[in-house]
Number of protein chains: 2
Amino acid sequence: MADDPADAPPPARLGAGTLEATPPSGTPVAGRASGTGAPTLEDVARVAGVSRATVSRVVNGQRRVAAEIQAVVREAIATTGYVPNLAARSLVTRRTGAVIVVVSGAEEQGSPSTIDFADPFFGRVVGGMLRALRPHDVDPILMLAETDFDRSRVISSLRNGNADGALVVSTRGEDPMPALLVEAGLPAVVFARPGRPIPLSFVDVANRDGARLAAEHLVARGCRHVAAISGPLDVPSAQDRLSGFQDAMARHGQAFVPTAGGNFTYESGLAAMTALLDGYGDLDGVFASNDLMALGAIEALQAAGRRVPEDVRVIGFDDSSLGALSRPALTSVRQPIEEMAAEMARILLDTIADPGRRVTSTIFEPTLRIRASA
Amino acid sequence: MADDPADAPPPARLGAGTLEATPPSGTPVAGRASGTGAPTLEDVARVAGVSRATVSRVVNGQRRVAAEIQAVVREAIATTGYVPNLAARSLVTRRTGAVIVVVSGAEEQGSPSTIDFADPFFGRVVGGMLRALRPHDVDPILMLAETDFDRSRVISSLRNGNADGALVVSTRGEDPMPALLVEAGLPAVVFARPGRPIPLSFVDVANRDGARLAAEHLVARGCRHVAAISGPLDVPSAQDRLSGFQDAMARHGQAFVPTAGGNFTYESGLAAMTALLDGYGDLDGVFASNDLMALGAIEALQAAGRRVPEDVRVIGFDDSSLGALSRPALTSVRQPIEEMAAEMARILLDTIADPGRRVTSTIFEPTLRIRASA
DNA sequence: CAAATCCGCGAGAGCGCTCTCCGATCCTGG
DNA sequence: CCAGGATCGGAGAGCGCTCTCGCGGATTTG
């Protein structure tokens, strides 16, 4: 890979400030000997007057090493500025200390899934994983898996020992990624129950319970004609949220819940609400399967002259920052995303440590975050 | 890449007994011989009846290899299901094919910077980097750098060859990360001009131009008494946005611009606007240095009975998805974040390929995204 | 037709680390 | 005071890969 002038020419170059790159004078490298630049175990051993093996033992704390020698070695490590070469280590240990965080989904024409990352949801998940991984000194490698090629790249990375396992968060129901992982027998944990049952660990939120919470709240607030805006029904969570909501409403006397389908986007929520309003003018409550759609629904409601929450109450799902900032602030079912992500990391780490382990799943309880919209 | 399950040359064994629920019968692993599990170069060489070196040449396409032999080798690779062991490769090449993406900032008490990731800004930057890195087969390792410990971990990772370089996006002005990187002589590129001048490549947006755009738009819309809500002034971009705005307003006849300081959060925007309203009741236009603060400002304005945009026009900076979704939709100065992130990746890759390269900076031109709020 | 050239392949030496032996030292009990 | 056991450091063999070097055969040139 030399240079590729074919790459998108960077637009609008104004100033091109060029400073002389300073030769790092004060780099704490000392007492090396080999030609490459970085001090090696060998170098430390020489300085400390011990063997490579002993230094290794001190570094990894594997076997007891006499306190005295340990001090000498640590001293030598400090003066040489030694840091272990992870490539060499993982070559022999067959562990990389890295996991792949896969943001996966089927490719959608024209929707560069920048959207993925613009959605705070992914940020929260990734953030939660990072925090859980960090104390274990495990690095997260971020990969997008939109195309089959991407997915095979993930599998390859794992197979060739670039990473020890995968944490998958899918955007769609029929994502092939989980199945591929299982097929290859690779350690992995996914966010949300996979579309079809496969032996793979996952964490999820009790979607039906969350939907019930929403239903009960609407009922308690006096709503008598409520509708639902669902996500794509091939996604299990969307399915559960809808059916959970319908069931709960049925228990409270509303046997039929007018429903419109969306795809978790703002626009689809707007469209769904508009359609709903068309057929059912007397609605006084709406449950949307995520916040983005709920926001779209509010927009449609307001455009139709309905006030939220006075005329129609709206509840979302996710408790995203978007909903907290919008006006009226969105009442929403909160899933403890960060904790869920942390749990994923924990399960994966366990699985890596003990590959024989059976698959597990952890279901988290949602809570209702009451704000202004309902 | 069709591999028929029929052609399994030597007795294929995979780590059986690890999975329990599925018998993964069709795993594409076949034709190994060594004990570890994954086929090695050696295995491929044996199957193809050539030397290790030749297989390596085919894999890396480095030197001419007879087409005929090449075919045989590729065949062997396919039947063995060979994937190169990256650890072994990077041990000798001293390249890892990975870069660290550092989300950095000073530690703040009580604010678990989940906020970082909930802010769509980071998502967009990271997404842009991912896309630019992918075609080069470079993997991004995500790391948070909040504490000194985190930062030294980043430096260590780089120094011990865990990654080839760093892409840094800082949240604050006096972030120590850039300086540390320069000090250690490590390849790195930062997002936005560093707080103090150091020999480090960066990309940025022409903040002053963006602010000018906002000023001119407000003036064109008839605003005569405009105020500014700035970010923390130790951040160069916040400084430039403010002074750029002030200068542009001065050119248009408003020599004094009432200003309140915020820290890029919603709450600070709200507080700043409230304070501004206190002192200057006749404001008819506001420029906030980012969208979050602009949103807070609008909230304050509405709370004070001012209509947006009828009474007061508001312009933000960032063109974030938050602003697009809020009502009234936020007019904002757009910086091409994804392209900027891609350019960062490009510069870093160049720097890694040619470490002697001098530092460069690329400044992008902002544009005004006109929506409802101004 | 012989000599010079070139091209493509194989042999082999490590890259920096871990980890299994083994030998040396020390401690303990008889 | 010595045998036996426990403890701790050293030597050395690779992990899987790349890359330099050199050699043989094909091709070209005098």
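Note on naming: letters A, B, ... go to the chains in the order of the sequence lines (proteins, then strands), and numbering restarts at 1 for each one. Side-chain atoms are counted along with the backbone in the values below, which use heavy atoms only and exclude waters and symmetry mates.
- Between A:V138 and A:D164 there is no side-chain heavy-atom pair separated by less than 4.5 Å.
- The listed nucleotides are D:dG9, D:dG16, C:dA11; the one nearest the side chain of B:S51 is C:dA11.
- B:E42 has its CD atom 9 Å from the P atom of D:dC17, to the nearest Å.
- The nearest heavy atom of DNA chain C to A:L86 and to B:V55 marks one nucleotide each, and the one closer to the 5' end goes with B:V55.
- Considering only side-chain atoms of B:R57, the nucleotide from C:dT20, C:dG10, C:dG16 that sits closest is C:dG10.
- If you check D:dT18, D:dG16, C:dC17 against the side chain of B:L41, the one that comes closest is D:dT18.
- Within the 4.0 angstrom heavy-atom criterion, only backbone atoms of the sugar-phosphate kind lie near A:I69; the bases stay farther away.
- Atom CG in B:N162 sits about 16 Å away from atom P in C:dG16, given to the nearest Å.
- What separates CZ of A:R89 from C1' of D:dG16 is a distance of 18 Å, to the nearest Å.
- Rounding to the nearest 0.5 Å places CG of B:L200 at 10.0 Å from OG1 of B:T360.
- At whole-Å resolution of the value, CG in B:N60 and P in D:dG16 are 17 Å apart.
- Atom-to-atom, CZ of A:R52 to C1' of C:dC15 comes out at 12 Å; the value is rounded to the nearest Å.
- Nearer to the 5' terminus of DNA chain C, by closest-nucleotide assignment, is the contact made by B:G49 (compared with the other of B:G49 and B:L91).
- Considering only the side chain of A:T54, D:dG10 comes nearest among D:dG10, C:dG16, D:dC17.
- Between C:dC17 and A:S56, no contact under 4.0 Å exists linking OP1 or OP2 to a side-chain N or O.
- Note on A:A66: only backbone sugar-phosphate atoms sit closer than 4.0 angstrom, heavy atoms only; bases stay farther off.
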Show me the protein contacts with nucleotides 23-27 of chain C, counting only N or O atoms at under 3.5 Å.
none

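- What separates CZ of A:R46 from P of C:dG16 is a distance of 11 Å, to the nearest Å.
- Remark: of the listed residues A:V50, A:V58, A:T54, A:V58 is the sole one forming a side-chain contact (heavy atoms from CB on, under 4.5 Å) with A:Q70.
- When rounded to the nearest whole Å, the span between CZ of B:R95 and C1' of D:dG16 equals 20 Å.
- At distances below 3.5 Å, at least one donor-acceptor pair connects side-chain atoms of A:D150 with backbone N or O atoms of A:T147.
- Taking 4.0 Å as the cut-off between side-chain N and carboxylate O, A:D148 and A:R151 count as a salt-bridged pair.
- Counting heavy atoms from C-beta outward, B:M129 and B:L348 have side chains that stay 4.5 Å or more apart.
- A salt bridge is defined here as a Lys NZ or Arg NE, NH1 or NH2 lying under 4.0 Å from an Asp or Glu carboxylate O, and B:R46 with B:D43 meets this definition.
- Put simply, CZ on A:R94 is 12 Å from C1' on D:dC17, counting in whole angstrom units.
- Among the nucleotides C:dG12, D:dG16, C:dG16, the one closest to the side chain of B:A53 is C:dG12.
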Problem set entry | Steps toward side-chain contact (heavy atoms from CB on, under 4.5 Å) verdict (A:R346, A:V203) | CA-CA 11 Å; A:R346 216 171 298 135; A:V203 305; over 6 Å; no
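- When the nucleotides D:dC19, C:dT18, D:dG16 are ranked by their closest atom to the side chain of B:T93, D:dC19 comes out on top.
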